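The shown structure was predicted, so the numbers you read here are calculated from the model rather than taken from an experiment. Sequential numbering from 1 along the given sequence is applied to the chain's residues.
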Amino acid sequence: MRTVRMLTAAALAAGGLLAGAGAAAAGSPSANASASPGGGAAGPTEAGTAFRTATPLQPGLRATAEASTGDYLYWVLPLDSGQRATVKASVKLPPAASRHAASTWRIDVYDGLRRRQACTYGAQSATAAKDAASVELSCALRTVRPGAEPWAHDPLPGSYYVRLTAAEVAKEDLGQPVRVEVSAETRDTGGAFAVDGALAQPLVPGITARLAAEAEGGAAGPAGGDRPAAVGEPDGGWSGGRWSDRWVWTAAGGVLAALAGVFGYSLTRGRGRPQQVPPRG
């Protein structure tokens with residue numbers, strides 16, 4: 001009975017460890033997100049017009065910009081391994097009296113290699129009627145993995161570019177003023193999508209030159225030039241994919257398996273020689 005009680009206590013302790021790991025993953029700070037583009041904290045008030053001039057945007061902030069219909073607007077945000085991001089955009093259209101036809105707006109997301117990433121769900125493209133006051137767009141990306149095969153198209157840690165534009169619009173409506181709000185929310189998936197490999201460096205333009213300059217002693221970026229807009233890092237820096245709660249689950253599973261083996265042996269080995277059986281002479 002003492003052995004059974006000890007094994008039971010150890011099993012309960014291992015179960016508590018598993019529950020604590022699950023609660024820690026579920027309560028990650030990055031899981032907090034705004035419900036709409038207007039719900040986050042105030043962020044940048046401008047947008048870039050190309051990949052190289054994209055405006056940095058941190059997840060959880062709300063970027064705003066005044067633009068003209070037909071412009072290509074760019075923002076860039078950092079995404080780390082294990083994060084699943086949802087990008088939302090809201091476009092306030094000009095007054096209906098000044099518009100001539102319906103317009104179609106589209107949002108696209110590109111990774112650090114400028115590969116367009118597919119949206120798992122969301123209204124990536126939407127058509128606004130002639131009398132509509134605004135149009136809402138969203139794009140939920142796949143979970144960012146710490147590493148992938150060269151031929152794979154999986155999202156990898158690094159900079160992600162958000163591009164917003166009017167895909168179809170009447171020529172008479174080009175150039176009319178619009179107000180845009182863009183936000184990105186992230187959710188930490190924990191070790192469910194962890195892999196064995198990891199990138200040596202995140203896919204951030206200019207990071208190799210910056211690290212080389214820092215290693216040589218001094219400059220924080222490329223000599224004589226502006227640092228690219230995409231050098232932003234997530235809160236707490238890049239994780240590198242070295243640690244995830246998958247290690248906790250693996251260790252706790254090994255402990256439970258060992259306890260199950262000891263408990264099974266204690267049930268099958270018996271209590272020794274019965275008293276009525278004489279020892280062998």
Side-chain angles (χ1 to χ4, degrees), residues 32-79 83-111 114-144 155 159-187 229-230:
N32 297 328
S34 59
S36 64
T45 57
E46 60 182 3
T49 56
F51 283 101
R52 293 184 60 84
T53 60
T55 299
L57 173 64
Q58 285 291 335
L61 299 182
R62 182 185 74 256
T64 58
E66 303 286 345
S68 300
T69 303
D71 289 346
Y72 283 85
L73 307 178
Y74 289 82
W75 295 266
V76 58
L77 64 147
L79 294 180
Q83 290 184 333
R84 178 178 295 171
T86 300
V87 181
K88 298 182 180 181
S90 175
V91 182
K92 294 183 179 180
L93 303 172
S98 62
R99 303 205 309 267
H100 298 79
S103 58
T104 300
W105 294 78
R106 181 180 179 87
I107 187 172
D108 294 291
V109 182
Y110 300 82
D111 65 3
R114 299 188 184 179
R115 303 176 301 180
R116 192 174 71 86
Q117 294 296 314
C119 300
T120 57
Y121 60 88
Q124 184 179 6
S125 177
T127 300
K130 180 181 179 299
D131 57 349
S134 63
V135 60
E136 306 289 335
L137 304 168
S138 65
C139 175
L141 301 174
R142 294 176 294 169
T143 301
V144 177
S159 300
Y160 281 76
Y161 297 88
V162 179
R163 185 179 72 180
L164 175 66
T165 188
E168 297 180 8
V169 63
K171 293 183 179 181
E172 297 81 1
D173 293 337
L174 291 174
Q176 294 198 25
V178 294
R179 178 176 175 80
V180 177
E181 295 184 1
V182 173
S183 67
E185 55 189 49
T186 59
R187 182 171 64 89

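- For the residue pair R142 and Q117, the shortest heavy atom distance occurs at NH2-OE1, 3.2 Å.
- Atom CD of E168 sits about 6.5 Å away from atom OG1 of T127, to the nearest 0.5 Å.
- By the 4.5 Å heavy-atom criterion applied to side chains, T49 and D71 are not counted as neighbours.
- The main-chain N or O of R187 is never found under 3.5 Å from a side-chain atom of Q83 such that the two would form a donor-acceptor pair.
- Between R99 and D173 there is no salt bridge, since no side-chain N of the basic residue sits under 4.0 Å from a carboxylate O of the acidic one.
- Separating the CZ atom in R62 from the OG atom in S183 is a distance of 8.5 Å, to the nearest 0.5 Å.
- Looking at V180 and W105, their side chains never come closer than 4.5 Å, going by heavy atoms from C-beta outward.
- Looking at V178 and P94, their side chains come closer than 4.5 Å, going by heavy atoms from C-beta outward.
- Between V109 and C119, every side-chain heavy-atom pair lies at or beyond the 4.5 Å cut-off.
- Distance check, rounded to the nearest 0.5 Å: CD of Q124 to OG of S138 gives 9.0 Å.
- When all heavy atoms are compared, the tightest approach of L93 to A132 is CD1-O, 3.7 Å.
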What do the steps show when you test V91 against L164 for side-chain contact (heavy atoms from CB on, under 4.5 Å), and what is the final call?
CA-CA 10 Å; V91 182; L164 175 66; 3.9 Å; yes

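- In this structure, the separation between CG on L73 and OG1 on T55 is 9.0 Å, given to the nearest 0.5 Å.
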Can you list the steps and then say if V162 with L57 is a side-chain contact (heavy atoms from CB on, under 4.5 Å)?
CA-CA 10 Å; V162 179; L57 173 64; over 6 Å; no

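- The environment of K92 atom NZ is sparse: at most 12 non-hydrogen atoms of other residues, nucleotides or ligands sit within 6.0 angstrom.
- Nearest heavy atoms, T69 versus A166: CG2-CB, 4.4 Å.
- Considering Y110, F51, Y160 in turn, F51 is the only one that fulfils the ring-ring contact (aromatic ring centres under 6.0 Å, His included) rule with Y74.
- Within the 4.5 Å cutoff, side-chain heavy atoms of L141 are placed close to those of L79.
- The closest side-chain donor-acceptor pair between T45 and T64, if any, does not fall under 3.5 angstrom.
- With T120 contributing its side chain and A140 its backbone, the two residues share a donor-acceptor pair below 3.5 Å.
- Between Q58 atom CD and W75 atom CH2 the span is 16.0 Å, to the nearest 0.5 Å.
- No side-chain donor-acceptor contact under 3.5 Å links S125 to the backbone of R106.
- Annotation for A89 and I107: closest pair CB-CD1, 4.0 Å, computed over non-hydrogen atoms.
- Of all non-hydrogen atoms in L77 and A184, the two that sit nearest each other are CD1-CB, 3.6 Å.
- Listed for the T143 side chain is no donor-acceptor partner under 3.5 Å among the backbone atoms of R84.
- Looking at S90 and E136, their side chains do bring a donor and an acceptor atom within 3.5 Å of each other.
- Atom CG of residue D108 and atom CZ of residue R116 lie 5.5 Å apart, to the nearest 0.5 angstrom.
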